**Student:** 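One structure, pasted below without further comment.
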Number of protein chains: 2
Amino acid sequence: MSRNVTRADVARYAGVSSAVVSYVVNDGPRPVAPATAARVREAIEALGYRPNTTAQALRRGSSRLLGHVVPDLGNPLWAGFALAVDAVAAARGYDVLLASTDGGVEAEHRRIEALSARGVDAIVVTSVMARPDLVARSGLGIPLVQLNTFFEVPGFPSLGVDAFEGARAGTAHLLGHGRGPVALVIGGEAGELREEGWRAAAREAGSGVGPIARGEFSRRGGYDAGRRLFAPDDHPHAVFVSSDLQAVGVLRALHERGLRVPDDVAVVSFDGTEETEFTLPPLTTVRQPVEEMARAAVARALDPAPDGEHERQVLPAELVVRRSCGC
Amino acid sequence: MSRNVTRADVARYAGVSSAVVSYVVNDGPRPVAPATAARVREAIEALGYRPNTTAQALRRGSSRLLGHVVPDLGNPLWAGFALAVDAVAAARGYDVLLASTDGGVEAEHRRIEALSARGVDAIVVTSVMARPDLVARSGLGIPLVQLNTFFEVPGFPSLGVDAFEGARAGTAHLLGHGRGPVALVIGGEAGELREEGWRAAAREAGSGVGPIARGEFSRRGGYDAGRRLFAPDDHPHAVFVSSDLQAVGVLRALHERGLRVPDDVAVVSFDGTEETEFTLPPLTTVRQPVEEMARAAVARALDPAPDGEHERQVLPAELVVRRSCGC
DNA sequence: CTGAAAGCGCTTACAG
DNA sequence: CTGAAAGCGCTTACAG
């Protein structure tokens with residue numbers, strides 16, 4: 001590798017001090033005579049000089065690097081968050097250092113520590129955990145905001161979709177189609193907001209709650225849950241699925257069981273990823289405002305509020321009606 | 001933010017010089033007396049010291065950062081590459097700086113430049129371009145390897161799946177089912193390797209080639225292509241689709257047209273992403289060895305061959321037989 | 001408007 | 001086995 005050209009090379013070439021090179025490159029903080037500046041710019045061009053960002057980061061104490069911890073890029077929802085955070089950060093001149101975890105608390109902590117040691121200016125954690133209180137133990141001196149959490153996170157700014165209201169609306173929509181009680185496919189953790197929203201809708205409608213099938217937040221998890229749920233002859237005729245990925249699995253289980261959607265079973269899912277637009281049939285889904293969430297998270301990470309402002313911010317979900325609900 | 005604890009703080013606390021702290025932290029290059037080392041470790045523990053990686057990078061001239069340029073994380077194939085590169089790099093103690101582009105040459109160049117200025121030790125470019133020769137103009141002093149290219153890239157190590165043979169095998173498999181000529185859904189660029197493989201299979205079988213429908217590498221692109229392809233009454237009864245994403249769109253077009261898969265039309269796609277396992281019906285697909293490709297790319301980026309070794313490496317694709325081909 | 005010098009937090013010859 | 005010192009490439013008071 002040929003040695004890189006440094007600020008000193010430029011200074012020598014242009015016949016100025018290295019400070020002046022800095023003033024020109026950064027457009028300050030001292031003024032430079034137009035003629036001098038032009039000479040410097042020529043030198044930069046001729047030599048192909050590019051400031052070394054590592055040295056800048058060390059000196060400035062800011063890397064213009066944003067850390068982003070995500071559970072698993074294989075899930076289109078997380079990939080969507082990664083994409084959105086990247087775009088928003090780029091617009092502010094930040095690059096993002098992405099760290100994926102296996103979804104576990106342990107890995108999440110390790111990655112946060114590593115990111116902090118890397119000198120990132122702030123960290124966004126897109127967590128898969130409903131109650132990621134544990135993260136609070138990391139006492140790193142930089143802003144950390146939790147994206148996609150369902151609950152308050154003591155000591156940290158956090159931000160998520162209104163899962164309760166989203167699930168309530170999705171379930172209510174299903175109930176409105178008069179298919180009787182609505183079943184639920186969801187993850188293992190009971191008492192989650194999507195589950196509560198589903199219950200609330202049933203309560204409001206005065207219909208009983210349908211059966212629950214729990215499974216992993218994956219296509220496979222949804223498939224298995226769907227098989228269990230629809231095996232009995234007196235299976236439910238409507239189901240709210242708490243993630244798109246699981247819904248794709250449910251669709252397959254239904255298909256194999258010979259049940260048509262929406263004729264025999266109406267389906268509404270949660271997340272609103274692109275995949276749902278092309279399932280058979282296209283899924284009616286409760287869309288998370290991924291871009292808005294990313295924008296808000298990055299803003300809060302990069303412009304932290306005056307001390308103590310660790311509020312939770314909730315963004316509204318939106319029901320996207322397609323074919324699977326039987327509208 | 002509380003000032004970070006530095007190596008000097010540790011040295012003071014342990015009553016040694018800062019050099020000794022380095023020796024302990026890095027386990028060299030000078031030996032340290034066991035008792036001294038223990039004291040230093042205590043100090044590190046007590047103070048919660050973590051080496052500043054920015055300073056290390058500046059001093060060592062190596063950031064232990066790998067740059068990775070990807071077209072679009074919204075495409076599960078690219079997300080899969082991102083994930084795999086991340087995992088492989090992590091295993092070698094490298095973090096990866098991910099830079100997404102919009103798929104254009106311009107953005108790709110900009111991101112490569114930015115990554116280089118960031119001081120990454122090497123760059124992996126997962127390009128969407130069949131002939132990314134243009135990248136050759138960037139004369140950065142670090143290794144750059146092209147992942148997922150179909151052709152030789154003059155001046156750079158490159159690496160991709162055997163697209164010709166994969167497409168040939170997929171098409172031949174379809175031909176073997178005796179559905180007559182096999183149609184092709186593919187991107188806009190003619191003369192691509194997947195197209196050549198498809199042609200070769202037809203030639204070998206002595207069947208004529210089927211019609212071609214071109215469209216974007218997206219679900220939407222596949223959907224539109226599928227609609228055009230299967231509108232006529234004398235539509236083809238077998239189709240090779242050059243990406244999973246497009247195949248999902250084709251499946252929907254077929255469904256809307258009232259054509260059953262595989263009974264009326266047999267389908268084989270290319271890529272082998274997870275989504276294909278849960279489509280209706282599950283897709284027979286030519287799988288790219290994503291993990292192996294990532295491993296090879298990272299290895300070549302981090303352990304560059306002695307000068308001049310800019311060979312192209314081709315990895316075999318594997319036919320994964322599921323339901324859509326009518327087996 | 002310009003320059004000499006200190007310092008960001010590390011690592012590593014060099015000397016003892 | 002241990003320490004004093006130089007230097008990685010920058011930025012920024014400070015002095016002129």
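All figures in this text were calculated on a predicted structure; none of them were measured in a lab. These values consider heavy atoms only, across backbone and side chains, with no hydrogens, waters or symmetry-generated copies. A, B, ... follow the sequence lines: proteins, then strands. Residue 1 opens every chain.
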**Student:** Quick check on A/Glu292: does its CD atom have over 12 non-hydrogen neighbours (other residues, nucleotides or ligands) under 6.0 Å away?
**Tutor:** yes
**Student:** With a cut-off of 6.0 Å (strictly less than), are more than 12 heavy atoms of other residues, nucleotides or ligands near CZ of A/Arg295?
**Tutor:** no
**Student:** I need the minimum non-hydrogen distance between A/Trp78 and A/Leu73, along with the two atoms involved.
**Tutor:** O-CD2, 4.4 Å
**Student:** I want to check something: taking the side chain as every heavy atom from C-beta on, are B/Leu83 and A/Asp72 in contact at a cut-off of under 4.5 Å?
**Tutor:** yes
**Student:** What is the distance, rounded to the nearest whole Å, between atom CZ of B/Arg59 and atom P of C/dT12?
**Tutor:** 6 Å
**Student:** Using the criterion of both pairing distances under 3.5 Å for Watson-Crick and G-U wobble pairs, give all stems of 3 or more consecutive pairs involving DNA chain C.
**Tutor:** C:1-3 with D:14-16, C:5-12 with D:5-12, C:14-16 with D:1-3
**Student:** So which one's nearest nucleotide on DNA chain D is more toward 5', A/Arg30 or A/Asn26?
**Tutor:** A/Asn26
**Student:** Roughly, in whole Å, what's the span from CZ in A/Arg12 to P in C/dA4?
**Tutor:** 13 Å
**Student:** Please state how far atom CZ in A/Arg60 lies from atom P in D/dG9, giving the value in whole angstrom units.
**Tutor:** 17 Å
**Student:** Looking at residues 13-22 of chain A, who's got a heavy atom less than 4.0 Å off DNA chain D?
**Tutor:** A/Ala19, A/Ser22
**Student:** As a quick check of understanding, evaluate salt bridge (charged side-chain N to carboxylate O under 4.0 Å, His left out) for B/Asp9 and B/Arg50, giving each step before the final call.
**Tutor:** CA-CA 11 Å; B/Asp9 300 323; B/Arg50 317 214 35 166; over 6 Å; no
**Student:** Between D/dG16 and D/dT12, how many Å separate the two C1' atoms, rounded to a whole number?
**Tutor:** 16 Å
**Student:** Using a cut-off of strictly less than 4.0 Å between a heavy atom of the residue and any atom of DNA chain D, enumerate the qualifying residues of residues 50-57 of chain A by number.
**Tutor:** A/Arg50, A/Pro51, A/Asn52, A/Ala55, A/Gln56
**Student:** Can you confirm whether more than 12 heavy atoms, excluding those of B/Asp27, are under 6.0 Å from its CG atom?
**Tutor:** no
**Student:** Report the residue from A/Val69, A/Val70, A/Val125, A/Val85 that forms a side-chain contact (heavy atoms from CB on, under 4.5 Å) with A/Leu147.
**Tutor:** A/Val85
**Student:** Cut-off 3.5 Å, side chains only: do B/Ser18 and B/Arg12 have a donor facing an acceptor?
**Tutor:** no
**Student:** Starting from the C-alpha separation in whole Å, work towards a yes-or-no answer on side chain to side chain contact (heavy atoms under 4.5 Å, CB included) for B/Val40 and B/Val16.
**Tutor:** CA-CA 8 Å; B/Val40 171; B/Val16 299; 4.0 Å; yes
**Student:** What I want to find out is whether B/Arg118 reaches A/Asp95 closely enough, with some N-O distance under 4.0 Å, to be called a salt bridge.
**Tutor:** yes
**Student:** A/Pro29 side chain: which of D/dG9, D/dT12, C/dT12 is closest?
**Tutor:** D/dT12
**Student:** For A/Ala33 and B/Tyr23, find the nucleotide of DNA chain C closest to each by heavy atoms; which residue's nucleotide sits nearer the 5' end?
**Tutor:** A/Ala33
**Student:** side-chain hydrogen bond (donor to acceptor under 3.5 Å, both in side chains) between B/Glu108 and B/Ser127: does it pass, once the steps are laid out?
**Tutor:** CA-CA 8 Å; B/Glu108 195 168 292; B/Ser127 188; 3.2 Å; yes
**Student:** Send over the distance from B/Asp9 CG to C/dG9 P, rounded to a whole Å.
**Tutor:** 9 Å
**Student:** In this structure, how many angstroms lie between the P atom of C/dC8 and the CG atom of B/Leu58, rounded?
**Tutor:** 13 Å
**Student:** Identify which nucleotide among C/dT2, D/dG9, D/dT2 has an atom closest to any side-chain atom of B/Val32, counting heavy atoms from C-beta outward.
**Tutor:** D/dT2
